[in-house]
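The next block holds one structure in the form of structure tokens; read it before the comments.
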Protein chains: 2
Amino acid sequence: MKNKKMKIARIEAEVSQERLAEIVGVTRQTVNLIESGNYNPSLKLCIEICRALNKTLNDLFWEE
Amino acid sequence: MKNKKMKIARIEAEVSQERLAEIVGVTRQTVNLIESGNYNPSLKLCIEICRALNKTLNDLFWEE
DNA sequence: ACTAAATGTCAAATATAAATTACATTTTGT
DNA sequence: ACAAAATGTAATTTATATTTGACATTTAGT
């Protein structure tokens, strides 16, 4: 299951995977893997991504 | 920074750390560490804890 | 069409979440 | 006060997230 919400939020914010990776302090590959799905990032990283994209955990990582 | 919200939600749900650990499939120590703070759980585990306690990610793990 | 930027993905190494075992302390019930 | 359950922590090991380096493909700009 891909993380479309995150990808959409990132594109709306007009940042590349590489730029987002820089901002949150991980590598581009990690960002790519999270968007690609089948990945289990740490809470801290999720929160940093949310802050970078001006979203909340529920916005990007919660499925009702 | 302790995770008070999670501890409160767990106590409201009337489950022990051990019982919650069973439900979400980790050890009691892991649950304890998360509540104690200075820990960085995986997203998957956070989500499982939320579901077990009938809460959302924002309820338990998001700080405005 | 061409080029550069962005993306998808892989293998191997490193960092760290989570397990395990164990023990001390605190809380709760009787 | 006592016993049992629940909690707080620590050291070591194991599983896995993340890094690193690299290469192929796709997308966007000219």
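Reminder, nothing fancy here: chain letters follow the sequence lines and each chain counts from 1.
One interatomic measurement links the two molecules: CG of Asn32(A) to P of dA17(D), which rounds to 16 Å at whole-angstrom precision. With rounding to whole Å, Glu35(B) atom CD is found 12 Å from dT9(D) atom P.
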Practice prompt. Decide side chain to side chain contact (heavy atoms under 4.5 Å, CB included) for Leu43(B) and Leu43(A); before the verdict, give the C-alpha distance in whole Å, the side-chain angles of both, and the deciding distance to 0.1 Å.
Written response: CA-CA 5 Å; Leu43(B) 174 62; Leu43(A) 174 62; 5.5 Å; no

| task | Could you check Met6(B) against Val31(B) for side chain to side chain contact (heavy atoms under 4.5 Å, CB included), going step by step and ending with a plain yes or no? | result | CA-CA 10 Å; Met6(B) 173 174 154; Val31(B) 169; 4.0 Å; yes

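Under the side chain to side chain contact (heavy atoms under 4.5 Å, CB included) criterion, Gln29(B) pairs with Thr27(B), not counting sequence neighbours. Take Asn58(A) and apply the side chain to side chain contact (heavy atoms under 4.5 Å, CB included) test, not counting sequence neighbours, and it matches Thr56(A), Trp62(A), Thr56(B), Leu57(B), Asn58(B). Glu63(A) is linked by a salt bridge (charged side-chain N to carboxylate O under 4.0 Å, His left out) to Lys5(A), counting only residues two or more places apart in sequence or in another chain. Considering only residues two or more places apart in sequence or on other chains, Ser36(A) meets the side-chain hydrogen bond (donor to acceptor under 3.5 Å, both in side chains) condition with Asn32(A).
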Every protein N/O lying under 3.5 Å from an N/O of nucleotides 14-16 of chain D:
none

Give every pair of a protein N or O atom and an N or O atom of nucleotides 23-30 of chain D that lie under 3.5 Å apart, one pair per line with the distance.
none

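Here the side chains of Lys7(A) and Ile11(A) are in contact, with some heavy-atom distance below 4.5 Å. Two residues are said to be in side-chain contact when any heavy atoms from C-beta on lie closer than 4.5 Å; Ile34(B) and Leu45(B) meet this criterion.
Judged as a side chain to side chain donor-acceptor pair (under 3.5 Å), the pairs with a partner in residues 42-55 of chain B (not counting sequence neighbours) are, in order, Asn40(A)-Ser42(B). Among residue pairs with one or both ends in residues 17-37 of chain B, those qualifying as salt bridge (charged side-chain N to carboxylate O under 4.0 Å, His left out) are Arg10(B)-Glu35(B), Arg19(B)-Glu22(B); sequence neighbours excluded.
A heavy atom lying under 4.0 Å from DNA chain D marks the following residues of residues 2-20 of chain B, by number: Lys7(B), Arg10(B), Ser16(B), Gln17(B). Non-hydrogen atoms lying under 4.0 Å from DNA chain D are contributed by Leu45(A), all within residues 44-55 of chain A.
Taking CD1 of Ile8(B) as the reference point, atom CG of Asn3(B) lies at 9.0 Å (rounded to 0.5 Å). Considering SG of Cys46(B) and CG of Leu60(B), their distance stands at 8.5 Å, rounded to 0.5 Å.
Smallest separation of non-hydrogen atoms from Ile47(A) and Phe61(B): CD1-O, 3.7 Å. Leu20(A) approaches Val15(A) most closely through the heavy-atom pair CB-CG2, 4.3 Å.
Using a 4.0 Å heavy-atom distance criterion, Thr30(A) is classed as a base contact. Across all strands, Thr27(A) comes closer than 4.0 Å to base atoms (heavy-atom distances). Across all strands shown, Gly25(B) has heavy atoms under 4.0 Å from sugar-phosphate atoms exclusively, and none from any base.
When DNA chain C is scanned in the 5' to 3' direction for atoms under 4.0 Å from non-hydrogen atoms of chain A, the outermost contacting nucleotides are dT7(C) to dC10(C).
Between Gln29(B) and Leu33(B), the residue anchored closer to the 5' end of DNA chain C is Leu33(B), taking for each the nucleotide with the nearest heavy atom.
In the helix from dA1(C)-dT30(D) to dT30(C)-dA1(D), the rotation axis of the first five pairs and that of the last five pairs differ in direction by 70°, rounded to 10 degrees.
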